[in-house]
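Below: one structure, written as structure tokens.
Numbered from 1 within each chain, the chains take letters A, B, ... in sequence-line order. Remember, it's a predicted structure, so these values are computed and weren't measured experimentally.
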Amino acid sequence: MFSYAIRRLLGAVPTIFLIVTAAFFMMRVAPGGPFDQERTLEATVMENLNRTFGLDKPLWEQYAMYLGNLLRGDMGPSFIYRDMRVHEILAEGLPVSMQLGATALVLALVVGSALGTVAALRQNSRTDFAVIAVATFGITVPNFVVAPVLSLVFAVMLGWLPAQGWGDWNQMLLPVIALALPQVAIVARLIRGSMIEALRSDHVRTARAYGLPARMVVVKHALRAAILPAVSYMGPAAAALLTGSIVVEQVFNLPGIGRYFVNGALNRDYTLVMGTVVIVATFVVVFNLIVDLLYAVLDPRVRYD
Amino acid sequence: MTDQTNQDRVFEVDDIHVTFDTPDGKVEAVRGVSLHVDRGETVAVVGESGSGKSQIMMAAMGLLASNGRAVGAVRYRGQNILNLPPGQLNKLRGAKITMIFQEPMTSLDPLYTIEDQLSEPLRVHGGLTRAQASARVLELLRLVRIPDPERRMKSYPYEMSGGQRQRVMIAMALANDPDLLIADEPTTALDVTIQAEILRLLAELQRKLGMSILFITHDLGIVEAFADRVYVMRQGRLEEDGPTARIFHAPATDYTRMLLAAEPEGEKPPVPDSAPVLLQGQDVEITFGKPGGFLSKSNLFKAVKGVDLTLREKQTIGVVGESGSGKSTLGRGLLQLLPAAGRVIYLGRDINGLTRQAMKQHRDGLQMVFQDPYGSLSPRMTVSEIVTEGLLVHEPGLTRKERAARAAQALEDVGLSGAMRNRFPHEFSGGQRQRIAIARAVVLRPRVIVLDEPTSALDRSVQKQVIDLLRGLQEEHALSYIFISHDLAVVRAMSDYVMVMKEGKIVEEGPTAQIFDAPQQEYTHSLMRAAFDLKSLLDAG
């Protein structure tokens, strides 16, 4: 398994390289630049700024420079947040985003599994239909609708929870729910399906035939098998949470990297956007690897060598 | 029956009915069956698939599918246990009454070690501690003669063969010293030699431990060798019952007589040496896996090793061997469905290694019928689409009408009415589906058909019909068959030449009569004995 992990990590390098390259050139194709403002700057000022940040050089040279710096762990200066290096900005936002994402992921797994299991155990009952309805709602209604509605109802109208900020549990509640909801829904559906299959499987029949208590049959023998598809979904889920967090952080005004990403993109802060892309891409690749390794731990039949 | 005292009556089923709610209405799988098992007895319930024999036991043990209902009574030592709440039933099942199932490959939980799984019923029913359970597990694995039990305790099911898994199931069944062991087709999925070993083990353990066995099977050979009394079931009802010897020597009903007569019969005379050679394999080798590379070990596995084979017109070569012996792989390699090394000569041309395009012109002459009549027909195509699909490729010049005529003819050849051509595969029984698969092959007017276990998934009586059909088609269309099967009785009836495979090699070959009546190799001999002389094997144990 160790050599498999090494091979996967080596394989990730070209993936990240491709993502960085694509992001770099796509940013430059977008019209406008970091120093364009409502009032056009004087030509000499503009020239100076461009020279300072190396934007006057040919594009390929800028690209080579960026890659070179990146390899040395330097993501360059931010164009908009003056006097800040990109990695400093990201180091500030990353803990918040990680906390938000991880909480949402755990919530999705726990609540989704519970809902899916209950639905599978009472297949075609009212409980089952209710879970399916909630799941369908969660999947179809996007973040950018759920987040403002939650904020409107629970913060503005009812005043139960704060509408913004980060730190206290009550500040975390709404953003985490808004972010986790679609994932809860998807996990619930996945677990429901695999659980129904697991409950019909031969080895669960064996467990029943041998008089094991119902809870042991369901949790130890059925759920353990049924959770595997949900575990492999954790990779894509992490990616979805990252994209989702950009919206949610914006709505609830959280100091995570998602907000910097949006601001950076709108202001053509090339280095800031690139930094976020690199971090997010690396994270998704590594997280997928962790999920695959975890899968092998949970299912003894999976061997990667 | 009535002279038995109540104490001796371990298990009794009294007028049980089992119904299933399906989208098409209620289906009555069992319609009033009564049977009983006394202490130390071995009782067999026989019947073809769909006779309801397994559902009785599922109902008794509270394991019916959620749409199933059972009424009547099932008594364990006088106490009615039918439809007991699971909590109460759990005191009995796994402790006093235990079960072994047909599917050794899937009946154990793939995610837990053997020790984990065997410990569970011990700890739940016997209240053993982890350490005590562990010691008992080791004892049980020794009892069922699992080699190297200390190491095997830590193994996962996927690391064991089917026979070994079934031994583990038997160990689990015996763990709490049950009064009754219900064995539902426990050896059907196993090779004959493994089957003989498992049955021998069961018989021996019964003598040693004294439990009763209720054996559910469709295999009359096992019943004759193994059971004291027999119940014959048909379409949810009891056809007759009695001592084994009486049922076998003086069956009271036509149905039982038919079952007994359904063993495949007949033989095929050898073809003359002058018959033209159609297909020839020379030093055929087939290898799976991938060679080693950067950071990975080589895991090559040679499934077929240097096989020579000559198939003449109208000949049937039976290829027999246990699962994993490489017989199916050989069949696929000959038809260029798997890459093979060596030479494969069809009608005088070496076709081995031809490109897909070059191979296409030979494909209509080389057809295949597979084992699984459920999986090998597309569920989304009608019978007529399935049968004519090959014609679209090989005879694109045919008009729609001509194709329809050819399909109708092929269906008629296999004994199906042309009126069925617009139905879908799921509307047919297993035997009918296998006929459709045969029609799909013969519609192209092939010279050679590789039949890969074409009768293994079918009941004996249906099997007999399919064999007769294949024989008739061979005569009519001058077909040559390569008949791959682990079922020696069928091979004896079908083929005029037999090749015995083991671990990828041909260990013995020759005319059918010679192989069956005077096998030279020890391995062939043991196969024959396990298949045809189960009783002497069990008695010897």
Side-chain angles (χ1 to χ4, degrees), chain A residues 1-11 119-125 127-128 194-231 294-305, chain B residues 57-58 60-67 85-113 116-118 120-125 154-159 165 168-169 172-173 175-176 178 182 184 293-297 299:
Chain A
M1 202 147 94
F2 179 71
S3 81
Y4 171 78
I6 300 289
R7 260 181 294 152
R8 277 284 299 268
L9 280 175
L10 289 178
L121 286 173
R122 310 205 192 318
Q123 200 194 344
N124 296 332
S125 69
T127 323
D128 186 20
S194 54
M195 192 71 185
I196 287 172
E197 200 178 308
L199 287 171
R200 286 187 194 145
S201 68
D202 290 338
H203 69 261
V204 168
R205 179 185 62 188
T206 305
R208 285 216 184 100
Y210 278 81
L212 304 187
R215 187 194 308 192
M216 200 164 163
V217 173
V218 170
V219 175
K220 191 172 171 191
H221 290 285
L223 187 59
R224 170 84 190 267
I227 206 126
L228 290 173
V231 168
L294 184 64
Y295 201 92
V297 172
L298 288 176
D299 187 344
R301 287 166 299 178
V302 175
R303 288 285 173 269
Y304 291 119
D305 294 322
Chain B
M57 304 312 150
M58 291 296 161
M61 300 294 278
L63 298 173
L64 281 182
S66 58
N67 62 339
Q88 290 180 42
L89 198 55
N90 279 348
K91 294 197 178 88
L92 285 179
R93 45 184 192 182
K96 295 295 167 200
I97 309 176
T98 57
M99 287 185 94
I100 315 173
F101 300 98
Q102 177 172 359
E103 305 82 3
M105 304 317 266
T106 53
S107 290
L108 292 166
D109 192 327
L111 304 180
Y112 294 95
T113 61
D116 265 343
Q117 298 188 54
L118 282 180
E120 280 180 343
L122 286 168
R123 299 179 64 188
V124 167
H125 296 293
K154 308 291 177 204
S155 294
Y156 289 93
Y158 79 95
E159 296 170 299
R165 290 188 217 191
V168 170
M169 277 306 295
M172 192 153 155
N176 289 310
I182 299 174
D184 188 354
F294 180 55
L295 285 174
S296 64
K297 272 174 281 179
N299 53 351

Distance-minimising heavy-atom pair for [X] and [Y]:
{"X": "R93(B)", "Y": "R208(A)", "answer": "NE-O, 3.2 Å"}
{"X": "P110(B)", "Y": "H203(A)", "answer": "CD-ND1, 3.6 Å"}
{"X": "P300(A)", "Y": "Y158(B)", "answer": "O-OH, 3.0 Å"}
{"X": "L212(A)", "Y": "P121(B)", "answer": "CD2-N, 4.2 Å"}
{"X": "G211(A)", "Y": "N90(B)", "answer": "CA-OD1, 3.3 Å"}
{"X": "M61(B)", "Y": "A209(A)", "answer": "CE-O, 4.2 Å"}

query = Side chain, backbone, both or neither: which part of A175(B) has a heavy atom under 4.5 Å from chain A?
reply =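 Neither part.
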
request  = Measure distances from M58(B) to the heavy atoms of chain A and classify the residue's part below 4.5 Å as side chain, backbone, both or neither.
outcome  =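 The side chain, not the backbone.
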
key: Donor-acceptor under 3.5 Å (T206(A) side chain, S107(B) main chain)   =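 Yes: the side chain of T206(A) pairs with the backbone of S107(B).
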
key: Nearest-0.5 Å distance, CG of residue L111(B) to CG of residue L228(A)   =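 Separation between the atoms: 6.0 Å.
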
key: CA sep, side-chain torsions, deciding dist, call: D202(A), Q102(B), side chain to side chain contact (heavy atoms under 4.5 Å, CB included)   = CA-CA 10 Å; D202(A) 290 338; Q102(B) 177 172 359; over 6 Å; no

message = For H125(B) together with Y210(A), are the ring centres under 6.0 Å from each other?
response =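 No, the ring of Y210(A) stays outside the 6.0 Å limit from the ring of H125(B), centre to centre.
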
task = Between chain A and each of S66(B), P157(B), G94(B), P86(B), count heavy-atom pairs under 4.5 Å; write down the option with the most.
result =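 Among the listed options, the one with the most contacts to chain A is G94(B).
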
ask   = Can you tell me if H221(A) and E120(B) form a side-chain donor-acceptor pair at under 3.5 Å?
value =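 Result is yes, a qualifying pair exists.
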
ask   = Considering residues at least two apart in sequence or located in another chain, which fulfil the salt bridge (Lys or Arg N to Asp or Glu O under 4.0 Å) criterion with D299(A)?
value =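 Testing D299(A) for salt bridge (Lys or Arg N to Asp or Glu O under 4.0 Å), a comparison that skips the adjacent residues, returns R301(A).
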
ask   = Residues in side chain to side chain contact (heavy atoms under 4.5 Å, CB included) with R200(A), at least two apart?
value =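 With sequence neighbours excluded, R200(A) shows a side chain to side chain contact (heavy atoms under 4.5 Å, CB included) to Q123(A), I196(A), given in chain and number order.
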
task = Could you tell me whether the side chain of T106(B) reaches within less than 4.5 Å of the side chain of S201(A), counting heavy atoms only?
result =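 Sidechains of T106(B) and S201(A): no contact.
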
